[in-house]
Amino acid sequence: MAASILNADFAELHSEIACIEGVADVLHLDVMDGNFVPNLTFGPLVARAIRGITDMPLDVHLMVMNPERYIGEFAEAGADWISIHVEAASQGEKALRDIRERGLKAGLALNPATGTREMRRFLSLIDFAVVMTVVPGFGGQSLIREALGKVRQLKDMAGGDGGELEVEVDGGVKASNLPEVMREGADIVVVGSSIFTARDRRAAALEIRGIMDNKEGMLL
Ligand code: DX5
Ligand code: ZN
């Protein structure tokens with residue numbers, strides 16, 4: 001499980017992250033530029049600060065225009081995975097190659113309205129795909145279940161080329177819909193507000209963990 005800090009209390013980020021140590025596998029950092037998405041969140045400065053307070057892998061989700069400009073800064077800040085959006089991938093090949101050349105996992109995200117055919121030309125350049133199940137920009141939205149079919153589509157597309165593609169589902173995942181998301185084949189789930197708006201963050205994360213552990217085959 002990748003915990004998104006988007007709805008965490010940023011005045012208490014250290015203790016918020018400490019709450020989920022040992023329960024979340026990965027920390028999901030939602031970077032937004034106020035251009036690709038209406039919201040503006042944080043940049044490499046915050047990623048670097050977070051790097052200094054946790055050993056969890058950092059899954060940096062770039063919801064930005066021209067992501068190729070930022071790969072180096074987030075890599076140097078301590079990112080382990082960096083995903084960019086296919087809708088902002090005019091220099092996508094350059095960005096994805098850069099991520100991999102730095103030894104990081106390269107991901108490509110697609111919005112609910114974007115079809116999987118847009119991903120085909122990038123499949124050999126990525127380690128994971130991100131199926132957005134909310135319109136990106138804000139946490140706390142409801143899961144768009146119509147997007148879940150893309151998980152299988154992407155796996156079949158990659159499988160056809162003999163590849164093994166991990167698929168992360170991002171947006172609106174909570175305990176109540178997690179079994180369905182897992183049945184659709186997600187390898188990694190991002191969970192944000194259902195953890196960081198819960199009174200007891202750790203208990204909320206443990207509940208998610210418990211559901212995932214009941215299903216073999218889940219990666220993270
Ligand atoms: C949305 C972000 C997601 C989302 C996850 O643009 O990419 O990571 O915030 O948070 P919840 O689980 O609250 O949807
Ligand atoms: Zn995200």
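Computed from a prediction, not measured in an experiment: that's the story for all the values here.
Under a 3.5 Å cut-off, the side chain of Glu16 and the backbone N or O of Phe196 do not form any donor-acceptor pair. Within the 3.5 Å criterion, the main-chain N or O of Asp187 finds no donor-acceptor partner in the side chain of Glu166. Proximity of a side-chain donor or acceptor of Arg102 to a complementary backbone N or O of Ala75 within less than 3.5 Å is not detected. Distance alone, capped at 3.5 Å, is enough to place a donor-acceptor pair between the Asn177 side chain and the Gly172 backbone. Not one N or O on the side chain of Asp156 forms a donor-acceptor pair closer than 3.5 Å with the backbone of Gln153. Under the 3.5 Å distance criterion, the side-chain polar atoms of Glu87 are matched with a main-chain donor or acceptor of Asn111. When atom types are taken as modelled, the side chain of Asp33 and the backbone of Phe36 share a donor-acceptor pair closer than 3.5 angstrom. With hydrogens and angles ignored, the 3.5 Å screen pairs no side-chain donor or acceptor of Arg201 with any backbone N or O of Ile195. Checking side-chain atoms of Lys150 against main-chain N and O of Pro112 turns up a donor-acceptor pair under 3.5 Å. In this structure, the side chain of Arg145 does not engage the main chain of Thr133 through any donor-acceptor pair within 3.5 Å.
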ask   = Are Glu180 and Leu178 close enough, and set up right, to give a side chain to side chain contact (heavy atoms under 4.5 Å, CB included), and what steps lead you there?
value = CA-CA 5 Å; Glu180 177 187 2; Leu178 180 54; over 6 Å; no
request  = Kindly indicate, with the supporting measurements, whether the criterion side chain to side chain contact (heavy atoms under 4.5 Å, CB included) is fulfilled by Met32 and His61.
outcome  = CA-CA 8 Å; Met32 302 180 189; His61 177 193; over 6 Å; no
request  = Could you walk me through whether Leu27 and Arg51 pass the side chain to side chain contact (heavy atoms under 4.5 Å, CB included) test, one step at a time?
outcome  = CA-CA 10 Å; Leu27 213 51; Arg51 178 73 290 162; over 6 Å; no
key: salt bridge (charged side-chain N to carboxylate O under 4.0 Å, His left out) between Asp98 and Arg69, worked out   = CA-CA 10 Å; Asp98 190 8; Arg69 292 182 186 166; over 6 Å; no
message = Could you walk me through whether Asp127 and Arg100 satisfy the side chain to side chain contact (heavy atoms under 4.5 Å, CB included) test, starting with their C-alpha distance in whole Å, then the side-chain angles of each, then the deciding distance to 0.1 Å, before giving a yes or no?
response = CA-CA 9 Å; Asp127 302 290; Arg100 275 187 158 170; 3.0 Å; yes
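One finds the CG atom of Asp213 at 11.5 Å from the CD1 atom of Ile208 (value rounded to the nearest 0.5 Å). Asn35 CG to Leu40 CG: the interatomic distance, rounded to the nearest 0.5 Å, is 10.0 Å. The CD atom of Glu73 sits 10.0 Å away from atom CG of Leu45, with the distance rounded to the nearest 0.5 Å. Separation of atoms OG1 (Thr114) and CE (Met132) is listed at 10.5 Å; rounding is to 0.5 Å. Gln141 CD to Ser193 OG: the interatomic distance, rounded to the nearest 0.5 Å, is 9.0 Å. Here the straight-line distance linking atom CE of Met63 with atom CG of Leu6 works out to 7.0 Å at 0.5 Å rounding.
With no hydrogens or angles considered, a side-chain donor-acceptor pair links His28 and Asp30 at under 3.5 Å.
Residues Ile126 and Leu108 approach most closely at CG2-CB, 3.9 Å, considering heavy atoms. For the residue pair Ala24 and Met56, the shortest heavy atom distance occurs at O-SD, 3.6 Å. Smallest separation of non-hydrogen atoms from Glu168 and Trp81: OE1-CZ3, 3.6 Å. The shortest non-hydrogen separation linking Gly137 to Asn39 is O-ND2, 2.9 Å. Heavy-atom minimum distance, Leu13 versus Val46: CD2-CG1, 4.3 Å. Annotation for Ala95 and Ile84: closest pair CB-CD1, 3.9 Å, computed over non-hydrogen atoms.
Both Phe122 and Ile71 are members of a single hydrophobic cluster when ILVMFWY side chains are connected at heavy-atom separations under 4.5 Å. In the hydrophobic cluster analysis, where Ile, Leu, Val, Met, Phe, Trp and Tyr join through side-chain heavy atoms closer than 4.5 angstrom, Phe138 is grouped apart from Val134. Cluster membership check: Val167 shares its hydrophobic cluster with Leu125, using side-chain heavy-atom separations under 4.5 Å among Ile, Leu, Val, Met, Phe, Trp and Tyr. Under the 4.5 Å side-chain contact rule for hydrophobic residues, Val181 and Leu206 share a cluster. Under the 4.5 Å side-chain heavy-atom criterion for Ile, Leu, Val, Met, Phe, Trp and Tyr, Val169 and Leu123 are members of the same hydrophobic cluster.
Across Leu62, Ile99, Leu104, a single residue satisfies side chain to side chain contact (heavy atoms under 4.5 Å, CB included) together with Phe74, and that is Leu62.
Val131 has its side chain within reach of Leu110: a pair of non-hydrogen atoms, C-beta onward, lies under 4.5 Å apart. At least one side-chain heavy atom of Ser83 sits less than 4.5 Å from a side-chain heavy atom of Phe128. Residues Val190 and Val173 are not in side-chain contact: their nearest non-hydrogen atoms beyond the backbone lie 4.5 Å or more apart. Counting heavy atoms from C-beta on, the side chains of Pro57 and Lys105 never come closer than 4.5 Å. Proximity of Arg209 to Asp25: side-chain heavy atoms (C-beta onward) are separated by under 4.5 Å at one or more points. Side-chain atoms of Met212 and Asn214, non-hydrogen and from C-beta on, never get closer than 4.5 Å to each other.
Asp200 is linked by a salt bridge (charged side-chain N to carboxylate O under 4.0 Å, His left out) to nothing, counting only residues two or more places apart in sequence or in another chain.
Between Phe10 and Phe42, the ring planes are tilted. Angles from 30° to 60° get that label.
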